[in-house]
Amino acid sequence: MRRTHEILIVIIIFIWCTALIYLSRNQDSMLERSNQERNDLDKAFAAIEELQRQNNQLKKIAQNLNAVGVVPINESESKSTNLRNLRLRLQACLQNVESITRNTGHHLDSRTPSKEHEELLRKVQDDIVELLYSTETELNSLKKISGNTESNINGMMERLKTQLRAALLDSEEVTSLDDAWRNVEAQQLQDLVQKRIQFIQNPKDCSKAKQLVCNLNKGCGFGCQVHHLVYCFMVAFGTQRTLIIESNSWRYNPEGWESVFQPVSETCTTAGHPIAPWTGESATSSHRVVNLPIIDGVANRPPYLPLGIPDDLSERLLRLHGNPSVWWVGQFMRYLLRPQAWLDTEVNEAMKGIDFNDPIVGIQVRRTDKVGTEAAYHDVKEYMKHVEDWYVKYELKLVKSKSTKQVTRRVYIASDDATVLADAKKSYPKYDFISDTSISKSASLQSRYSKNSLRGVVVDIFTLSKCNYLVCTFSSQVCRVAYELMQTLHPDASSYFHSLDDVYYYGGQTAHEQIAVLDHDPKPGSQEIELRVGDVVGIAGNHWDGYSKGTNRRTKQTGLYPSYKTKEIFPLVKYPTYPQANAGT
């Protein structure tokens, strides 16, 4: 019965999120209100953040509904009671929707929502009612059937999944009805941050500028080294120092970082002397030049680490983006990964055969040294399950829009295993796979640290970041770099991925914590932990089945808990705002 119970949980989450997602449009309107209505906006803002978070989480859960297997129904549990409780909870959700709709409507008298907004809002609400009906019907039929067959349960799951996809599309369409503000806001925020970075990186007098020296030659692969640089960059930015990259004898290219990517500074490229070791922000504040060790060995850790976001931009970021921590990392990644002309030409040549105007899903399959050490083996079919889910939903969107466009299901494969392409073509003949096997060969252990290998991994990262959707393992740093860079290409690409293993993380990050928004009483004999509203949970990982694993800071218990009963905590960090760079912004 546990799996059946999980289905009910997913359905409840979906109904709650879909019904309320339209509020994000109302919040957009409210942000344009006069100062007299600011208090009303502040009260609604917290609710909007919660809805955005749950909608992003819902997409991941809904995509994995087909992971629910066939399990026998436990006759000892009262199915009638479960159905009655489900109906009560759904009705409570609907009452909440009606209440919030009435209350929020009072703030919209100065701006009438568009006809499309109202029509689609009513459609979302109708979908909720219809889903309530179909859920009860499906579960009642399950209750009456003795000896349920696999086909019976699979059929039920497919019907529910199709309906979930349709309602998800409606909720997403509501969000996209007024994308103008989102595009403008995303561009303004990105321009603002890039100006701040450029300002601190280009002091007028390098001989007097405070510097932070970062040695690139960390003993790991390209993705890991780039993340090391971003960590240094964020600390330099936070401590108002110009980042200096020491990259002599770089294992990928002995000529150094600046021979591959543009220099991080135009006015200050050489470290001054003497160079003091990092002993903490305040302890080293009097030193002009400081050397920062790798994040694993840094003493007196600075606050300027992922997953923190700048306090002065937090309200705007939380409104705009589903995972502002990734957005913030992506800004430094964007500045660092500006290729030199020769590499830019190589990347563009490699991408010539890919039309990014048509849909394409990217998968990154990491094998070789990762399997058995940092990650488990994942067969191609595990990736393709989520690729297919994305295309089914995309094609449904075309049907709903009455488009006659013919879709070729294209997949870009990035892998260090040259056999992956052949395996995919053989198993999925209806898909068009794009891959460069020379890149796979250059990523092998024998030739990984070479200029050719570097070209290959950069091509893969840039291509993956431009795909419509990314399926990979977040245990791979290359995958995470592509995902971080992807955030700089869209107003909010936080949900444009599925990870087969880890949640998003950053090596050496501050504690990844969530806060309970609903109570949870663990089932007797289970591995679940108790939650009370307001409890802080240190998350260890998401099992992608409706449950996450973590430690309740209050009770010190470690175990499973329903993911939807918590929300993310994004640490706010007081970064410098560099007003000199913001003039006129």
Side-chain angles (χ1 to χ4, degrees), residues 56-67 161 165 168 223 322-323 326 354 356 358-368 370-371 374-397 407-417 419-428 430-436 439-440 443 457 459-487 489-490 492-505 541-545:
N56 289 338
Q57 184 182 31
L58 157 70
K59 294 175 183 178
K60 300 168 188 168
I61 297 173
Q63 289 166 345
N64 286 278
L65 274 174
N66 57 0
K161 283 173 60 182
R165 289 189 185 109
L168 265 176
N323 192 331
V326 183
I354 304 174
F356 290 102
D358 285 329
I360 183 168
V361 175
I363 67 173
Q364 195 248 347
V365 184
R366 187 66 191 273
R367 299 273 173 82
T368 60
K370 293 290 181 181
V371 174
E374 298 179 31
Y377 177 90
H378 294 280
D379 192 86
V380 171
K381 66 181 180 182
E382 295 182 60
Y383 296 84
M384 290 302 297
K385 178 183 68 171
H386 302 289
V387 172
E388 183 168 3
D389 280 349
W390 188 88
Y391 271 111
V392 168
K393 182 180 169 187
Y394 179 81
E395 289 162 356
L396 180 60
K397 182 178 181 179
V407 177
T408 299
R409 292 189 173 189
R410 302 185 305 154
V411 178
Y412 179 81
I413 297 179
S415 181
D416 55 1
D417 182 350
T419 67
V420 171
L421 177 61
D423 185 14
K425 286 184 173 181
K426 179 180 178 182
S427 302
Y428 300 90
K430 294 183 179 180
Y431 282 80
D432 182 10
F433 292 98
I434 302 168
S435 185
D436 187 341
I439 295 178
S440 300
V457 71
V459 167
D460 276 346
I461 286 172
F462 277 60
T463 305
L464 290 170
S465 71
K466 291 186 176 183
C467 290
N468 299 86
Y469 196 70
L470 179 58
V471 182
C472 60
T473 52
F474 270 167
S475 57
S476 166
Q477 302 227 38
V478 168
C479 172
R480 298 204 305 275
V481 171
Y483 176 61
E484 291 153 355
L485 200 57
M486 181 186 279
Q487 307 313 307
L489 305 177
H490 306 272
D492 181 5
S494 59
S495 63
Y496 293 6
F497 81 98
H498 181 86
S499 170
L500 297 181
D501 52 17
D502 293 324
V503 295
Y504 174 80
Y505 68 94
N542 191 313
H543 288 192
W544 309 118
D545 60 359

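Worth knowing before you read on, the calculation uses all heavy atoms, side chains too, and leaves out hydrogens, waters and symmetry mates. Position 1 is the first residue of the sequence, and the numbers go up from there.
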Using side-chain heavy atoms (C-beta onward) and a distance below 4.5 Å, is Lys425 in contact with Leu421? yes
Q.
Quick one about Tyr391 and Arg409 (side-chain donor to acceptor, distance below 3.5 Å, no hydrogens or angles considered), yes or no?
A. no
* **Step-by-step side chain to side chain contact (heavy atoms under 4.5 Å, CB included) determination, Val380 to Val420** => CA-CA 7 Å; Val380 171; Val420 171; 4.0 Å; yes
inquiry  = If only side-chain N and O atoms count, and only distance matters, is there a donor-acceptor pair under 3.5 Å linking Tyr412 with Asp460?
reply    = yes
Nearest heavy-atom contact between Ala482 and Ser465 is O-CB, 3.5 Å
request  = May I ask you to check whether Ser415 and Gln364 show a side-chain donor-acceptor distance below 3.5 Å?
outcome  = no
Separation between CG (Asn468) and CE (Met486), nearest 0.5 Å, reads 8.0 Å
Notebook entry, point to check: Can you find a pair of side-chain heavy atoms, one from Thr473 and one from His378, that are under 4.5 Å apart?
Noted result: yes
Show the numbers, then the answer: is there a side chain to side chain contact (heavy atoms under 4.5 Å, CB included) between Phe462 and Leu485?
CA-CA 8 Å; Phe462 277 60; Leu485 200 57; 4.3 Å; yes
Worksheet item: Quick check: does any side chain N or O of Ser476 sit under 3.5 Å from a backbone N or O of Arg366, one acting as donor and the other as acceptor?
Response: no
Using the ring of Tyr505 (Phe, Tyr or Trp, six-membered ring only), decide whether Arg480 places NZ or CZ under 6.0 Å from its centre and within 45 degrees of its axis. yes
Original post:
Side chains of Phe433 and Arg410: closer than 4.5 Å at any heavy-atom pair?
Top reply: no
Check your understanding: Do the ring centers of Phe474 and Tyr483 come within less than 6.0 Å of each other?
Key -> yes
Going by atom types only, do Glu388 and Tyr431 share a side-chain donor-acceptor pair under 3.5 Å? no
- prompt: So do Val411 and Ile363 actually touch side chain to side chain, heavy atoms under 4.5 Å?
  reply: yes
_Contact between Val503 and Trp544 at the side-chain level, heavy atoms closer than 4.5 Å - yes or no?_
yes
Exercise. Take Tyr383 and Leu500 through the side chain to side chain contact (heavy atoms under 4.5 Å, CB included) test and state the conclusion after the steps.
Key: CA-CA 8 Å; Tyr383 296 84; Leu500 297 181; 3.6 Å; yes
Would you say that Ile434 contacts Ile354 through its side chain, given a criterion of any heavy-atom pair below 4.5 Å between the two side chains? yes
Just by distance, no angles: are the side chains of Asp502 and Ser475 close enough, under 3.5 Å, to form a donor-acceptor pair?
no
With side chains defined as the heavy atoms from C-beta onward, is the minimum distance between Asp379 and Glu382 less than 4.5 Å?
yes
### Query
Any donor and acceptor pair, going by atom type alone, linking the side chain of Tyr469 with main-chain N or O of Phe497 inside 3.5 Å?
yes
inquiry  = Measuring only between side-chain heavy atoms, which start at C-beta, is Pro359 closer than 4.5 Å to Trp390?
reply    = yes
